[in-house]
Amino acid sequence: MDLLELRDKIDVIDAEIVDLYERRMDICKQVAEYKIETGKKVFDKQREREKIAKVKSLTHNAFNSHGVEELFEQIMSMSRKLQYRLLAEHGSLGKLPFIGVDELETAKARVVFQGAEGAYSQAAMMEFFGDKINSVHVDTFRDAMSAIDEGSADFAVLPIENSTAGVVTEIYDLLQEYENYIVGEQIIQIEHCLLGVPGATVSDIRTVFSHPQSLMQSGKFLGNHDWQQIGMKNNAFAAQKVAQEQNKSYAAIAGEHAAKIYGLEVLQSRINDCGSNSTRFIIVTNQKIFRKDARKISICFELPHESGSLYHMLSHFIYNNLNMTKIESRPIEDRDWEYRFFIDFEGNLADSAVKNALRGLRDEARNMKILGNY
């Protein structure tokens, strides 16, 4: 037989596979109807394991056994997704424990941010809430999360990602730990300035204070000067120290906002290496609410340490035509080589496709949590 004849035979078999697949999916619809009536869960892990073992035993060599395992994992995954969709259409997925609101109640809100007066977090807060907001600052990110968790503040403003330095891993861990939820975000341009006391010049400087990340982001500028570099918890703390010491040989790397707060002079502006340096801040509250016009959802979940487990979770986004915009992973404490995944994707909690995807993820992943819709 020549190649064309072989391809013709494959075409015939492929048509038979398609026919069998559609017949199988028709039966899956009937299974979904039964589960709607009885309230039975879609995902039955033990049943699927038994099914995979059975079909693998029908093959005649190890290569085919592995191939059949992958094939039936996909077939059963598609069957589950069809059943989830049908359950959603029948209103059998239940309601998500989040309330949609037209606007966030910010008029009399008390807002907390980490750092001192003049921090970039304060600038982000004022950009989001306005400059008339009732605010308080705390020393650590955990303090900020605790403040809204216990109700002493209504919202917290926290940095979660910088365009050059990457994510703030502590924030991801705190989002999983606390029952607080993201309801907004604010992106601000980061422009580091060299700040000194009034009357000082660049030639007077011998010691510079700033957050280690800001020192790194200003490495080219600092490399041209033989200055001692001292790391601080926050850029605003650095500006505060320079203002308190009133020493002409001291300088801080911080934003222009901090210079105004502490009465410092901008000795040189825009000293960061990268001109396009932005930080994304999240707005967090302890209420399970979301704006009705929200278009981004953040979730996290854990997975069993098994081959293909992440792939199967991500397929829920593909099947429901949802655009995933970010994925991060964090190690799970006391469980070696196991990870918690944090995902951002486009959508609204009221969308049927989103409900479908989240139901599938909740059934198949471990400890899935909706972090917010904003």
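Counting begins at 1 with the first residue of the sequence. Below, each value reflects all heavy atoms present in this structure, side chains not excepted, and no hydrogens, waters or symmetry copies.
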Under 4.0 Å between a side-chain nitrogen and a carboxylate oxygen: does that hold for [X] and [Y]?
X      : Y      : value
Glu170 : Arg142 : no
Glu328 : Arg330 : no
Glu5   : Lys9   : no
Arg80  : Glu364 : yes
Arg291 : Glu103 : yes
Arg23  : Asp19  : yes
Arg270 : Glu256 : no
Asp363 : Arg359 : yes

- request: Say whether, by atom type as modelled, one donor and one acceptor occur between the side chain of Asn180 and the main chain of Met145 under 3.5 angstrom.
  value: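 Yes, because the side chain of Asn180 sits within donor-acceptor range (under 3.5 Å) of the backbone of Met145.
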field: Spatial distance of atom CG (Leu158) from atom CG (Leu175) [nearest 0.5 Å]
entry: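 That separation rounds to 7.5 Å.
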Spacing of Arg110 atom CZ and Asn134 atom CG [to the nearest 0.5 Å]: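 Reported to 0.5 Å precision, the distance equals 5.0 Å.
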- prompt: With a cut-off of 6.0 Å (strictly less than), are more than 12 heavy atoms of other residues, nucleotides or ligands near CG of Asn321?
  reply: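 No, the 6.0 Å shell around CG holds no more than 12 heavy atoms from other groups.
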field: Arg295, CZ atom: more than 12 neighbouring heavy atoms under 6.0 Å
entry: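 Yes, because the 6.0 Å sphere around CZ of Arg295 holds more than 12 heavy atoms from other groups.
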task: Would you kindly check if the NZ (Lys) or CZ (Arg) of Lys369 is within the cone defined by 45 degrees around the ring axis of Tyr181 and under 6.0 Å from the six-membered ring centre?
output: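 Yes, a cation-pi geometry holds between Lys369 and Tyr181.
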- request: If the plane angle is over 60° it's perpendicular, under 30° parallel, otherwise tilted; pick one for Trp227 and Phe221.
  value: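 If you compare the ring of Trp227 with that of Phe221, the planes turn out perpendicular.
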- request: Look at the rings of Tyr250 and Phe209 and say which category their plane angle falls in: under 30° parallel, 30 to 60° tilted, over 60° perpendicular.
  value: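 Ring orientation, 0 to 90° scale: perpendicular.
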- request: Indicate the atoms forming the closest heavy-atom contact of Asn348 with Ala294, along with that distance.
  value: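 Scanning both residues, the minimum pair turns out to be ND2-O, 2.9 Å.
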message: Minimum heavy-atom separation for Ala258 and Gly118, please, with both atom names.
response: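 Here Ala258 and Gly118 meet closest at CB-O, 3.5 Å.
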Could you list the donor-acceptor pairs under 3.5 angstrom formed between side-chain atoms of residues 234-243 and any protein atom two or more places apart in sequence or on another chain?
{"from": "Asn234", "atom 1": "OD1", "to": "Ala236", "atom 2": "N", "distance (Å)": "2.7"}
{"from": "Asn235", "atom 1": "OD1", "to": "Ser210", "atom 2": "OG", "distance (Å)": "3.0"}
{"from": "Asn235", "atom 1": "OD1", "to": "His211", "atom 2": "N", "distance (Å)": "3.1"}
{"from": "Asn235", "atom 1": "OD1", "to": "Ser214", "atom 2": "OG", "distance (Å)": "3.1"}
{"from": "Asn235", "atom 1": "ND2", "to": "Ser214", "atom 2": "OG", "distance (Å)": "2.9"}
{"from": "Lys241", "atom 1": "NZ", "to": "Glu245", "atom 2": "OE2", "distance (Å)": "3.4"}

